[in-house]
Amino acid sequence: MMTDFETRFVEARKKLIRSDFPDLNPRQLEAVMATEGPLLILAGAGSGKTTVLINRIANLLKYGRASDSNELPPYADEEMLRAIEDGGSDGRSAAALEPVAPWRILAITFTNKAAGELKERLERQIGPEANDIWACTFHSACVRILRRDAEKLGFPSDFTIYDSSDSQSLIKHIVKDMELDEKTFSHRAILAEIGAAKDAQIGAAAYLNEARRSGDKRKIHMGEIYSEYMRRMFAAGAMDFDDLIFFTVKLLLENDEVCAYWQRRFQYVLVDEYQDTNHLQYLLAKTLAGGWENICVVGDDDQSIYKFRGATIENILSFESEYKSCRTIRLEQNYRSTGNILEAANAVISCNRTRKGKTLWTDHSTGEKLQLYYAGNEHEEAEYVASTILSAYGKGGHWRDNAVLYRMNAQSNQLEYAFKRSGIPYRIFGGTRFFDRAEVKDVLAYLCVINTPSDDLRLVRIINNPPRGIGARSVEIAQELASEQGSSLCAILRRADEFPSLSRAAIRMRELANLIDELHRMSAETGPDLLLDEVLARTGYLRMLEEKNTVEDTTRAENVRELKSAILGYQKESGDNTLSGFLADVALYTDLDNYDRDADSVVMMTMHAAKGLEFPRVFIVGMEEGIFPGQRAIGEPEEMEEERRLCYVAITRAREHLHLSCARQRMIFGRTNAYKPSRFVDEIPEETLEKKNEKRGYGYNSYGDDYESGRRAGYSYRRSGGERPRPQKTPPLAPSQSAAAAVSYAEGDRVEHKAFGTGTLTKMTPMGGDFLIEVQFERVGVKKLMLRIAAQNMKKLD
DNA sequence: CGCACCACAATTTTT
DNA sequence: TTGTGGTGCG
């Protein structure tokens with residue numbers, strides 16, 4: 001039983017702490033104050049969860065567990081209580097109850113970007129102290145833990161990290177060496193299977209045993225591949241992404257001391273995007289938090305869209321039964337979107353069965369209705385998007401306020417063309433990332449080999465690149481020699497002239513080995529930036545690119561130089577000047593996308609990639625059965641729910657304007673198919689939707705005479721031999737109108753464009769049945785546009 | 001050994 | 001349609 005004084009003290013203390021977070025809503029405040037024990041925060045889209053995370057950490061650093069405890073400090077007295085009630089700075093320090101040291105806090109996110117943002121915002125709010133907080137990704141946390149104790153697992157503490165393409169090529173080599181059929185054993189399937197095994201904590205030996213017991217041929221082969229994969233990884237002192245977590249968990253579970261060390265250290269563990277964790281990650285978080293049991297997970301079961309890579313929604317759904325004393329807080333107030341957008345999002349997601357149940361609300365106004373555009377095909381759809389963006393820009397928006405989201409990267413093409421034709425600057429996110437580009441990987445492979453000459457996998461990659469006369473056969477022989485002698489490939493290269501079988505290539509091999517050794521020695525005293533220069537010069541790699549002189553090779557050369565700025569950036573950020581440090585970091589750093597974040601251009605990306613982002617105006621294209629939801633999800637209830645969550649994520653990216661579009665027919669992978677509008681469209685309440693072009697896009701008439709009249713602006717013009725479209729009364733977007741109008745333009749005309757303003761048409765070049773025009777605009781300078789598209793958004797001035 | 005040509009498959013993707 | 005990987009020829 002608490003005494004009256006105690007009650008007053010605790011209440012006053014809570015009141016004071018609360019007053020320190022005036023900008024939070026009641027639910028957010030509750031989440032910030034609930035510091036002790038397991039806590040599940042179900043944070044809807046746009047509900048300010050990062051704010052909560054940051055303030056929660058701030059609270060811990062400042063007040064310790066005071067906001068969530070009935071405990072009094074040892075010397076609590078009336079005077080102290082008065083100070084707290086007054087709320088001055090004395091009161092604030094009196095209110096604290098063992099403030100938490102920053103290094104006792106572990107905040108785990110999924111992406112480097114999220115971790116970086118967290119760190120940045122923490123530093124801004126809390127100050128330099130924030131640097132000692134472990135705000136990192138699962139993988140980088142594991143690396144830090146493993147660097148300390150990898151030897152206990154038999155790995156060198158400077159183990160290298162293989163990224164997925166390294167893993168992939170290793171698998172390829174193994175499948176080849178084992179002479180298995182590469183069709184039945186696709187790299188993808190194997191890696192998925194190995195990943196799943198690791199996720200279930202099944203090591204290679206256990207897997208193989210189990211496979212042998214089952215007698216399943218395929219499984220046995222799979223087990224053999226798995227074992228060989230792990231053997232070679234171990235021999236190379238390498239871990240892949242899954243291993244980082246797998247081995248960390250193993251380390252913690254098998255070494256009581258190590259486990260106790262970390263458990264004692266991490267007094268508070270926070271996990272962001274908890275719905276995206278897989279079983280191993282869950283286990284890791286649980287284990288690390290095992291000492292103090294102060295585990296706070298933040299997530300949204302409705303935004304779980306990564307099942308395909310192992311995330312299990314179960315983690316979040318069963319958190320409450322896992323931790324009996326758990327408190328659950330729902331953040332349902334949305335600060336991002338208009339009422340209509342939220343209503344649509346709520347309506348769609350409510351069709352799912354497996355969920356915790358949340359309903360977002362907002363005090364924003366209803367806003368404008370969602371626009372649903374029915375297009376005849378993907379060209380029309382793209383032109384609708386382009387045209388809408390031009391209008392918005394013309395009314396004084398920025399390009400970067402617009403995002404176009406699609407289900408598959410393959411859908412980006414038509415949009416890209418439409419943007420090019422219309423003079424809209426755009427950027428595509430996703431696709432091949434910087435560090436995945438061949439030329440960057442090549443150069444990094446050099447650096448890896450220089451750092452660790454026994455890194456056979458990387459050595460094979462660069463052994464004849466640039467071509468130096470070491471052919472595939474010679475490499476094969478050298479590899480055989482290496483495995484016979486149990487030495488590394490590089491060691492064989494050094495002694496190449498001892499092996500008659502290598503005769504022809506021996507000299508070249510020795511030269512390469514010498515180069516590697518020399519650069520290796522140099523790496524001890526030279527920073528990675530200068531070493532890179534040396535590598536580029538001495539290996540002739542840059543020369544090879546420069547000599548080719550094609551457009552691609554110029555960009556490649558640029559990418560290689562860009563790598564140098566990545567190195568310089570690393571050195572500046574970390575203060576570390578070692579090659580091994582940089583390489584360790586690079587393996588975990590996929591994302592150089594952060595460069596020119598402020599560039600003003602329309603953003604294009606998959607819906608997956610858009611998670612966590614927001615834009616004033618969002619287009620969701622390809623709302624068709626078979627595209628979104630994808631063919632694979634149809635008839636699979638679980639998959640369908642995941643697609644629906646994806647739809648929910650996509651819708652909730654929009655702040656003010658949301659445009660959906662579907663096409664009656666679409667060409668994908670070179671084949672044209674007819675599609676019905678997506679079921680998700682039907683799930684959106686009618687009253688929040690404004691349908692546009694329904695008749696023409698999907699109506700009975702759309703394949704009648706309309707079709708021949710130049711509606712398919714992209715190519716039918718040429719097919720119909722320049723035939724003039726029949727005049728018809730059409731809404732402003734109809735391309736037929738533009739085709740008619742296009743004819744009447746000539747060089748020297750004064751024009752007014754709805755986005756770019758007034759200008760003079762300076763040049764007209766016939767191009768594929770259309771014209772490429774150049775217009776000197778007064779406001780935005782020279783633009784190159786395709787006339788047919790431009791004509792929709794432009795009129796002639798007299 | 002290097003290049004050109006053909007077959008084939010292709011959600012989504014952080015680390 | 002696009003990219004990739006394997007094969008065959010000079």
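Below, chains carry the letters A, B, ... as their sequence lines are ordered, and counting in each starts from 1.
A distance cut-off of 5.5 Å between ring centres, combined with a plane angle under 30°, places A/F308 in a stacking arrangement with the base of B/dT12.
Distance A/Y306 OH to B/dT11 C1': 12 Å, rounded to the nearest Å. Look at CZ on A/R645: it is 13 Å from C1' on B/dT12, rounded to the nearest Å. Nucleotide B/dT15 holds its P atom 12 Å from the CG atom of A/D163, rounded to whole Å. Atom CE of A/M605 is separated from atom P of B/dT14 by 12 Å (rounded to the nearest Å). If you measure from atom CG of A/N413 to atom C1' of B/dT11, you get 15 Å, rounded to the nearest angstrom. Summarising the geometry, the separation between CD on A/E416 and C1' on C/dT2 is reported as 12 Å, rounded to the nearest angstrom. Computed from coordinates, the A/Y406 OH to C/dT1 C1' distance equals 16 Å when rounded to whole Å. Protein atom NZ of A/K113 is 14 Å distant from nucleotide atom C1' of B/dT13, rounded to whole Å.
When each of A/D455, A/D166, A/D442 is tested with A/R461 by the rule salt bridge (Lys or Arg N to Asp or Glu O under 4.0 Å), just one qualifies, namely A/D442. The salt bridge (Lys or Arg N to Asp or Glu O under 4.0 Å) test with A/R355 is passed by exactly one of A/D302, A/D300, A/D301: A/D302. Partner of A/Q414 under the side chain to side chain donor-acceptor pair (under 3.5 Å) criterion, chosen from A/H379, A/E378, A/E381: A/H379.
A/A472 comes within 4.0 angstrom of sugar-phosphate atoms only, judged by non-hydrogen atoms across all strands, and of no base. The residue A/F138 sits apart from the nucleic acid: no heavy atom pair falls under 4.0 Å. Residue A/K172 is classed as a sugar-phosphate contact, given heavy-atom separations below 4.0 Å to backbone atoms only. Within the 4.0 angstrom heavy-atom criterion, no nucleotide atom of any strand lies near A/L244. Residue contacts for A/R473: at a heavy-atom cut-off of 4.0 Å it reaches the sugar-phosphate backbone alone, with no base atom in range. If you check every strand for non-hydrogen atoms under 4.0 Å, A/E273 touches nothing. Counting non-hydrogen atoms under 4.0 angstrom, A/Y417 reaches the backbone sugars and phosphates but no base. Using a 4.0 Å heavy-atom criterion, one finds that A/S474 contacts the sugar-phosphate atoms exclusively. Across all strands, A/D242 comes closer than 4.0 Å to no nucleic acid atom at all (heavy-atom distances). At the heavy-atom level, A/N464 lies under 4.0 Å from the strands shown only through sugar-phosphate atoms.
Listed pair A/T606 / B/dT11 fails the phosphate criterion, with no side-chain N or O lying under 4.0 Å from OP1 or OP2. A/N112 has a side-chain polar atom (N or O) that falls below the 4.0 Å cut-off from OP1 or OP2 of B/dT15. Checking the phosphate oxygens (OP1, OP2) of B/dT11, no side-chain nitrogen or oxygen of A/R407 falls inside 4.0 Å. Dashed line: the shortest gap from a side-chain N or O of A/N409 to OP1 or OP2 of B/dT11 is not under 4.0 Å.
Between B/dT13 and C/dT4, the two P atoms lie 16 Å apart (nearest whole Å).
Nucleotide B/dT11 is shown with a syn base, its glycosidic torsion being within 90° of 0.
If you look at A/Y417 and A/F419, their ring centroids are not closer than 6.0 Å.
Looking at which nucleotide of DNA chain B each of A/R309 and A/A505 is closest to, the 5′-most match is held by A/A505.
A heavy atom lying under 4.0 Å from DNA chain B marks the following residues of residues 187-195 of chain A, by number: A/R188.
The aromatic rings of A/W262 and A/W134 sit tilted relative to each other, their planes meeting at an angle between 30° and 60°. The aromatic rings of A/Y306 and A/H608 sit tilted, their planes meeting at an angle between 30° and 60°.
Formation of a donor-acceptor pair under 3.5 Å by the A/R644 side chain with backbone atoms of A/P629 is not found in this model.
Of the candidate nucleotides B/dG2, C/dT1, B/dT14, B/dG2 has the atom nearest to the side chain of A/P467. Of the candidates B/dT13, B/dT14, C/dT2, the closest approach to any side-chain atom of A/H608 belongs to B/dT13.
Between A/T277 atom OG1 and A/N315 atom CG the span is 4.0 Å, to the nearest 0.5 Å. Going from atom CD1 of A/I108 over to atom CG of A/L270 covers 9.0 Å, rounded to the nearest 0.5 Å.
A donor-acceptor contact under 3.5 angstrom links the side-chain atoms of A/S164 to the base of B/dT15.
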